[in-house]
Number of protein chains: 2
Amino acid sequence: MRADDQQWETSVERPDGTRRRATIHDVAKLAGVSRQTVSRAVNDKGEIDPATKERVLEAARLLDYRPSRFARGMVQKGAVTAGLVIPDLMNPFFPEVAAGVLEAAEQRGWQVVMWDSRIDEARERDALDVLSHQADAIIGYFKSPDEVLARHLGGVPLVLLERGPQQTRFAAVGIDAAAGLEQGMAHLVGAGHRRIGMLDGVHGPGPRRQAFLEEARRNGLPVDDSWIALCAEHSVAGGEAGMERLLDTRPDITAVFGFNDLIAVGAMRTARRRGRRVPDDLAVLGFDGLSLGELVEPALTTLHIDKRRLGRLAVEQVARLRAGEEPLRGADAWLAPELVVRTSA
Amino acid sequence: MRADDQQWETSVERPDGTRRRATIHDVAKLAGVSRQTVSRAVNDKGEIDPATKERVLEAARLLDYRPSRFARGMVQKGAVTAGLVIPDLMNPFFPEVAAGVLEAAEQRGWQVVMWDSRIDEARERDALDVLSHQADAIIGYFKSPDEVLARHLGGVPLVLLERGPQQTRFAAVGIDAAAGLEQGMAHLVGAGHRRIGMLDGVHGPGPRRQAFLEEARRNGLPVDDSWIALCAEHSVAGGEAGMERLLDTRPDITAVFGFNDLIAVGAMRTARRRGRRVPDDLAVLGFDGLSLGELVEPALTTLHIDKRRLGRLAVEQVARLRAGEEPLRGADAWLAPELVVRTSA
DNA sequence: CGAGAGTCCGTGAGCGTTCACGTGAACGTT
DNA sequence: AACGTTCACGTGAACGCTCACGGACTCTCG
């Protein structure tokens, strides 16, 4: 085999000398049959002599022919592609949501193209610009406001993850933070805690903080901003740093609620490093229910979310949008967390 | 607005009464312009009067027109789609690899459609059947042998993850288990360990076990199958169960090497539950370098892999295949793990 | 006032498939 | 011998879009 054999085999010469991918026509010519016969061979349809079929396939192999998915899509309708935009694949929460999306999509025969926005609004827009051209619907977490999304959406249906109904005019699925915090606070207050802090996430006052404040008020606890510290990132390190600050401003807290499990784990680590026993001196409550929480010490008490279900629900929401039906609203689209009591609180 | 307005607005009636999605032609007709002008408007090209552009966009909005990505793809070449097949999104290892793939793909302007095979060969084949039609190249973990892959591939370039050069004729990128085990074993033996067991993964004797045996021999340690237990799944639970059996058959071990970090963590838990202190009574060594390992107690000593880099490398490998270049072989495509000593060993 | 330039818009062709037919040959049936 | 059937294959059209043209119209300026 000569060195340039591969070049010769895998493409076809143009009049201008450049090379292009082989088309069905090239295969037909080489095999001495019509396009239709090539189509029959490669698609394993009937009505073809086994011998010619073999000859066609050989020609296809030689030219490294692969049907254009675009040309196919033109004529065969029904291939659905959903876009999925995830803010941070390193946070174990999101792969699990993604798994739910993939599972539901597979069942429906859809495919999903994935995008990691890495919590960057510019990358969010890039994702939308691409996916609005390449996907039939988009599911995802977005920081950008509705108007920006709409501008980069070009009319493609969108299902937002965890953006409250008051906060968006798009269809959405999410988590009922209030229902979660109610359980969580009841647990902490029931254990005698009155001085409860919160380690909030980076995106400013969201539903979780709001629910936290609401429940604190309902339980007659002292509430003001001094009980809340912001974490620069939604990670263990972010939680560690946030907890440092919270303990500085509020050394008297006896319990802390973490925006998510990662932050809560960070809080535990800082607390112990600073000489507080968990849960005896300081109770820690997480939010997410990562399996990681069972592995740390002490095991993390948390408000568990069925993340796979959230993903499946998002796909169902997309299906409704596509069918022209009303999207799910309220409790059907808003999952309630479940308190899982382990040892950290 | 009447109840059927939405129907009317979002689709176009066919002669036979059914409805289809609006095309560029429908928009042109409604706006009283030509297809080309519609194209100019929706693609934000120049050479169009702002007023007519507005009129066209309004018509497009009314008909809920979105350009067919297939028709676009037909004429505008260059959109590359890669398929990524992951065995288990719940294992934190794989999202990190995926993140690397997504990162590199984004840089090249490619998109990636993801598939979770959930360690099921039938699902692997489904993935290939779909992706071979919809993707320009495929990256992934596969259990199925080469012939099966080839049969469902239809000529699409494939880059295998972690399948050794001797084990496949496809291009691949992976991890140099031997280089890792050399460091790991040196560490354990250097600490005085002579009776070292292994918790192997579910897929039978792979490179990691082979490297383990090799190094054990090189260090003059006793080696036979009694020092190895199989884990039914690559998870903490799998590691726990495997460790139970290993401690039953080999109560005299002083160190154990886990197939991956999850299994190693499981091993630690079982060891401690059975009254052995880690690392004093039993040293535990992991493989993967999940960030989880820093969080458990004691912190896991492990052979760390740059998983993102592995993902990026896979994309680079695909790029080579597509360019007709020789794929990377040897050290360039086979990442060496790095021993990260923490406290478990 | 006519030539040239600029602005806006339309026309035909072509992208690579598949689908619904149409055709011709070989074979059997009455 | 005339006719239907089956098999293997080919032909034209259609899918929805963009690109390279070209045409009409307005504006400017010598």
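Chain letters run A, B, ... following the sequence lines, proteins first and then strands; every chain starts at 1. Side-chain atoms are counted along with the backbone in the values below, which use heavy atoms only and exclude waters and symmetry mates.
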Side-chain donor-acceptor pairs under 3.5 Å in residues 307-314 of chain B, sequence neighbours left out?
from: Lys307(B); atom 1: NZ; to: Asp288(B); atom 2: O; distance (Å): 2.9
from: Lys307(B); atom 1: NZ; to: Gly289(B); atom 2: O; distance (Å): 3.0
from: Lys307(B); atom 1: NZ; to: Ile305(B); atom 2: O; distance (Å): 2.9
from: Arg308(B); atom 1: NE; to: Glu103(B); atom 2: OE1; distance (Å): 3.1
from: Arg308(B); atom 1: NH2; to: Glu103(B); atom 2: OE1; distance (Å): 3.0

Show me the donor-acceptor pairs, under 3.5 Å and distance only, between side chains in residues 78-87 of chain A and residues at least two apart or in other chains.
from: Thr81(A); atom 1: OG1; to: Arg69(B); atom 2: NH2; distance (Å): 3.0

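The salt bridge (Lys or Arg N to Asp or Glu O under 4.0 Å) search around Glu58(A) returns Arg61(A), not counting sequence neighbours. Remark: Ile48(B) pairs with Thr37(B), Arg40(B), Ala41(B), Thr52(B), Lys53(B) by the side-chain contact (heavy atoms from CB on, under 4.5 Å) rule, at least two apart or across chains. With sequence neighbours excluded, the residues satisfying ring pair (Phe, Tyr, Trp, His ring centres under 6.0 Å) with Phe94(B) are Tyr141(B).
A distance-only check finds a donor-acceptor pair linking the side chain of Arg21(A) to the backbone of Arg66(A) [under 3.5 Å].
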Test log, rule side-chain contact (heavy atoms from CB on, under 4.5 Å), inputs Val113(B) and Val112(A): CA-CA 5 Å; Val113(B) 357; Val112(A) 1; over 6 Å; no
side-chain contact (heavy atoms from CB on, under 4.5 Å) evaluation trace for Ile119(A) with Lys143(A): CA-CA 8 Å; Ile119(A) 329 181; Lys143(A) 293 200 299 179; 4.2 Å; yes
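A pairwise comparison of heavy atoms in Asp116(A) and Ala99(B) identifies OD2-CB, 4.4 Å as the closest pair. Contact detail for Trp334(B) and Pro165(B): the closest heavy-atom pair is CZ2-CD, 3.9 Å.
Residue His25(A) places its NE2 atom among 12 or fewer non-hydrogen atoms of other residues, nucleotides or ligands, all under 6.0 Å distant.
The shortest distance between side-chain heavy atoms of Leu149(B) and Leu160(B) falls below 4.5 Å.
Salt-bridge check for Arg20(A) with Asp26(A): passed, with a basic side-chain N closer than 4.0 Å to an acidic carboxylate O.
Residue pairs meeting the ring-ring contact (aromatic ring centres under 6.0 Å, His included) criterion with at least one member in residues 101-139 of chain A: none, sequence neighbours excluded. The list of salt bridge (charged side-chain N to carboxylate O under 4.0 Å, His left out) pairs with a residue in residues 145-155 of chain B, not counting sequence neighbours, reads Asp146(B)-Arg163(B).
Proximity of residues 51-59 of chain A to DNA chain D (heavy atom under 4.0 angstrom from any strand atom) is restricted to Thr52(A).
Axis angle, first five pairs versus last five pairs of the helix from dC1(C)-dG30(D) to dT30(C)-dA1(D): 50°, rounded to 10°.
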Atom pairs, N/O to N/O, protein against nucleotides 15-17 of chain D, distance under 3.5 Å?
from: dC15(D); atom 1: O3'; to: Lys77(A); atom 2: NZ; distance (Å): 3.4
from: dC17(D); atom 1: OP1; to: Tyr65(B); atom 2: OH; distance (Å): 2.7
from: dC17(D); atom 1: OP1; to: Ser68(B); atom 2: N; distance (Å): 3.2
from: dC17(D); atom 1: OP2; to: Ile24(B); atom 2: N; distance (Å): 2.3

Per-nucleotide protein contact string for nucleotides 20-28 of chain D, where B marks a base within reach and S marks sugar-phosphate only (heavy atoms under 4.0 Å, - for neither): B--------
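Nucleotides of DNA chain C that come within less than 4.0 Å of any heavy atom of chain B span, from the 5' end to the 3' end, dC8(C) to dG16(C).
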